[in-house]
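Here the structure is laid out as structure tokens; the discussion comes afterwards.
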Amino acid sequence: MGKTFQEINEKIRTGEVVVATAEEIIDIVKEEGIKEAARKVDVVTTATFGPMCSSGAFVNFGHSDPPIRMNKVWLNDVPAYGGIAAVDAYIGATELSESRGLEYGGAHVIEDLVAGKKVRLRAKSYGTDCYPRLDVDTFITLEDLNQAYLFNPRNVYQNYSAATNTSDQIIDTYMGTLLPRCGNVTYSTSGELSPLLNDPEFRTIGIGTRIFLAGTQGYIAWEGTQFVRNKVEIEDGVTMYSGGTLAVIGDLKDMNTRYLRAASFARYGTTMFVGIGIPIPVLDEEMMEYLAVTNRDIYTGVVDYSVPKRSKPTLRRVNYEELRSGSIELEGKKIPTAPLSSLNRAREIANVLKESIERGEFFLQEPVQMMPTKREFKPLKDVGVE
Amino acid sequence: MKKLKVILYFPPDKTDRPFSYYLVKDYDLVFNILQAEVQPGKRGRLTVELEGTEENIERALEFARQNGVEYRPFNKNIVRNQGECMDCGACIAICPSGALYMDPIDWKLYFDESKCLVCELCLRACPVKAIDVNMFV
Ligand code: SF4
Ligand code: SF4
């Protein structure tokens with residue numbers, strides 16, 4: 001017995017669809033078993049709300065009179081990339097303000113736009129016969145822009161290492177402030193609610209999948225940068241998946257700052273908290289087996305961030321049940337743990353998505369192309385120029 | 001019963017120990033040390049919370065002054081802007097006192113002010129500046 005995307009969409013249309021969040025499905029499977037749960041439930045919603053550096057937005061400002069071919073662009077003093085076309089630019093989340101440093105970056109510009117605030121646009125040009133104007137200095141709002149869409153090259157990490165610090169000094173990282181001598185452990189995945197841990201083999205999630213993106217409906221545009229498929233069998237038959245990432249796209253004009261927040265990590269810089277929800281169709285019992293995954297069966301490594309190298313040593317392997325318990329054992333000591341991504345808000349997103357499917361406002365989109373099965377994660381060949 | 005947070009400054013030749021003993025014994029105060037910076041030969045600084053009747057707190061502070069211990073009320077406190085908070089948890093990673101904590105059921109951030117040391121570590125840890133220090137209450 002199987003279900004197709006079309007059959008599930010028909011149920012969404014008629015209002016018969018049964019949806020559960022990836023947390024709720026665990027209890028349903030426990031009570032009723034895989035077979036019955038797969039028959040009864042049609043869609044499982046997954047979600048995450050965490051810091052995702054590889055984010056940004058394309059914007060089109062419209063033409064001034066006389067027109068300018070903007071080749072250097074700043075938004076609230078944050079450089080945006082203008083080497084695209086006359087009045088197109090890309091504002092990246094981690095680009096920093098030239099006047100406010102680590103406190104304010106591209107992520108904040110994006111959040112300010114979404115919040116409806118005025119943003120100062122400065123642009124320079126070398127001037128051409130067809131675009132004679134040399135500079136522009138004005139204010140814009142999201143409403144004024146012709147197009148503004150979020151395009152994040154790498155979001156929704158399948159799984160992410162937990163972080164600790166074995167050195168004698170406090171360090172500030174994108175995994176938060178790490179206290180000396182393994183004073184704390186931080187982690188940043190929503191575990192059993194996490195999208196790519198619920199469809200670890202990418203059976204239903206692919207290019208074209210419709211998703212909840214920061215308050216509106218967006219799409220998976222491509223594999224995320226650095227996409228790889230890592231799959232490690234752990235002794236007792238449990239599999240550790242990691243490496244999957246997604247490139248996502250959606251209309252900034254319909255987004256909501258509740259699910260798109262600019263953040264600044266001390267002595268690191270800016271990043272963006274992005275809320276993403278992905279509905280997973282329960283095509284068959286095998287799919288339900290994946291969806292029933294619990295924090296106990298999801299493992300990650302605890303990595304020492306005090307080693308300033310590309311490959312940092314992994315101190316131990318840990319499951320999310322232990323991470324979520326508030327402390328883990330590390331070399332005989334109990335170390336407090338803290339999340340960096342908000343489980344509370346991820347749950348909210350999973351529920352918002354669930355309700356919009358139930359109300360018949362959100363339909364599933366079958367991928368137009370599946371994710372690659374083989375990809376290599378290559379380092380930079382830093383051979384110099386000699 | 002009243003509570004008061006004060007910073008006590010000890011002259012280099014005084015140690016805090018017998019002094020706190022008198023406060024507890026003679027003025028019937030609950031004496032809760034929030035932060036101590038005491039080094040031999042240097043001016044010491046002790047941030048304490050005193051709990052007792054208003055009269056006893058006043059008398060105890062008068063006793064302190066007579067003994068060369070200066071004090072000033074400690075007005076700083078930590079405030080969390082609930083509207084801004086994303087319940088991410090980055091601040092609990094560094095909070096040394098457990099004043100900031102997450103409920104393991106709803107995974108929301110809670111703040112138990114009575115445990116707060118006003119060390120201000122959470123200010124730099126919060127990525128959205130949802131925590132602030134309030135100087136006057
Ligand atoms: S000031 Fe220090 S003790 Fe108080 S909540 Fe912040 S980190 Fe915790
Ligand atoms: S770090 Fe800031 S946003 Fe995150 S839980 Fe703490 S106060 Fe809230």
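Chain identifiers are assigned alphabetically (A, B, ...) following the order of the sequence lines, protein sequences preceding nucleic acid strands; residue numbering begins at 1 within each chain.
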field: Atom pair CE (Met86(B)) and CZ (Phe49(A)), whose distance is rounded to the nearest 0.5 Å
entry: 5.5 Å
Chain B contacts, top residue of Pro336(A), Ala266(A), Ser264(A) (heavy-atom pairs, under 4.5 Å): Ser264(A)
task: To the nearest 0.5 Å, tell me how far Asp87(B) CG sits from Ser341(A) OG.
output: 11.5 Å
message: Quick check on Leu100(B) against chain A: is it the side chain, the backbone, both or neither that has a heavy atom closer than 4.5 Å?
response: neither
query: What's the verdict on side-chain contact (heavy atoms from CB on, under 4.5 Å) for Arg124(B) and Asp172(A), showing C-alpha distance, side-chain angles and the deciding distance?
result: CA-CA 10 Å; Arg124(B) 82 174 205 176; Asp172(A) 290 302; 3.3 Å; yes
field: Interface moiety of Tyr187(A) toward chain B, non-hydrogen atoms closer than 4.5 Å
entry: side chain
- request: Provide the closest heavy-atom pair for Ala262(A) versus Val128(B) in the form atom of the first, atom of the second, distance.
  value: O-CG1, 3.2 Å
field: Side chain, backbone, both or neither of Leu178(A) within contact of chain B (heavy atoms, under 4.5 Å)
entry: neither
- request: Compute both the distance and the angle, then confirm whether Arg324(A) meets the cation-pi test with Trp107(B): under 6.0 Å from the six-membered ring centre, within 45 degrees of the axis.
  value: yes
field: Structural part of Cys91(B) lying under 4.5 Å from a heavy atom of chain A
entry: neither
statement: Cut-off 4.5 Å, heavy atoms of chain A, and the answer for Cys95(B) is neither
task: Answer yes or no: are there more than 12 heavy-atom neighbours, outside Asp28(B) itself, under 6.0 Å from its atom CG?
output: no
message: Between Arg347(A) and Asp106(B), does any NZ, NE, NH1 or NH2 come within less than 4.0 Å of an OD or OE carboxylate oxygen?
response: no
- prompt: Of the non-hydrogen atoms in Ile92(B) and Pro339(A), which two are nearest, and what is the gap between them?
  reply: CD1-CD, 4.0 Å
task: Can you establish whether the number of heavy atoms outside Lys118(A) located under 6.0 Å from its atom NZ is more than 12?
output: no
query: Which atoms of Glu111(A) come close to chain B, meaning under 4.5 Å heavy atom to heavy atom: side chain ones, backbone ones, both, or neither?
result: neither
message: I need the contact set between residues 48-65 of chain B and chain A: heavy-atom distance under 4.5 Å, sorted by residue number.
response: none
message: Would Glu84(B) and Arg261(A) count as a side-chain contact (heavy atoms from CB on, under 4.5 Å) here? Give the steps.
response: CA-CA 10 Å; Glu84(B) 290 291 309; Arg261(A) 289 294 300 278; 3.0 Å; yes
- prompt: If you look at every heavy atom in Thr186(A) and Ala93(B), which pair is closest and at what distance?
  reply: CG2-CB, 3.8 Å
- prompt: Atom CD1 in Ile170(A), atom CG in Leu121(B): separation rounded to 0.5 Å?
  reply: 6.0 Å
- request: Kindly check if the number of other-residue, nucleotide or ligand heavy atoms within 6.0 Å of CZ (Arg316(A)) is above 12?
  value: yes
query: Looking at Leu340(A) and Ala90(B), what are the two nearest heavy atoms and their distance?
result: CD2-CB, 3.6 Å
message: For Lys312(A), I'd like to know if atom NZ has over 12 heavy atoms of other residues, nucleotides or ligands within 6.0 Å.
response: yes
